[in-house]
Every structure is written in structure tokens, then in C-alpha cells.
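Inspection log for the structure reproduced underneath, given as C-alpha cells.
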Amino acid sequence: MKQVVALAALLALAGFAVAGPTGLLAWSENLAALGQREAEVDRLTAERNALRNRVMLLDPEAADPDLASELVREQLGVIHEDELVITLEDE
């Protein structure tokens with residue numbers, strides 16, 4: 001009788017090791033979720049860096065004139081989708 005109980009307990013532990021919440025099957029799901037989270041972190045980091053750069057360009061002490069002009073034109077509603085920007089190289 002003791003052997004049957006011990007065997008049942010051993011099989012239950014083996015079942016939890018494979019199919020439990022921290023078992024082998026959950027391990028692969030967790031790895032897939034980790035990959036998705038890392039991709040999301042990379043995307044959010046790039047977005048944060050772009051916003052940080054934009055904030056630095058709008059610093060009141062040394063605002064970027066091109067960005068300031070773009071924002072003013074956008075806010076006033078005088079910017080159009082078909083506009084073409086021509087930049088001149090500094091010599």
C-alpha cells in the first residue's frame with residue numbers, strides 16, 4: 001500500500017514538472033512571451049529616445065528653428081501635405 005501511495009505521489013510530481021504552472025510546457029510559453037516583451041521594450045525605447053530628442057530640440061534656450069517653424073505652422077493650420085522642403089547646404 002505504501003508503494004502505491006509513493007508511486008502516485010511520484011507520478012503527481014512528475015505531472016506537475018511537465019504540465020504545471022512552472023513546468024516544461026509553461027517554459028516554452030514563457031520564452032515566447034519574453035520575446036514579445038523584449039520586442040515591445042525595444043519599440044518603446046526607440047519611441048522614448050525619439051521623444052527625448054524632440055524635447056531637446058525644443059529647449060527654450062536653444063530651440064531648433066526648423067522644428068519650431070514646423071510646429072508653429074502645424075498649430076496655425078498653414079502646413080499642407082503636398083509641401084516640399086528644400087534644404088540649402090551650408091558652405
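If you read the sequence from its start, that first residue is 1, and numbering goes on from there.
- Atom-to-atom distance recorded for Leu57:CG and Arg52:CZ is 13.0 Å, nearest 0.5 angstrom.
- Taking Arg73 as the reference, Glu83 meet the salt bridge (Lys or Arg N to Asp or Glu O under 4.0 Å) condition, with sequence neighbours excluded.
- In this structure, Leu34 stands alone, with no Ile, Leu, Val, Met, Phe, Trp or Tyr side-chain heavy atom under 4.5 Å from its own, directly or through other members.
- Counting non-hydrogen atoms of neighbouring residues, nucleotides and ligands closer than 6.0 angstrom, the CZ atom of Arg37 reaches no more than 12 such neighbours.
- Qualifying salt bridge (Lys or Arg N to Asp or Glu O under 4.0 Å) partners for Arg43, counting only residues two or more places apart in sequence or in other chains: Glu47.
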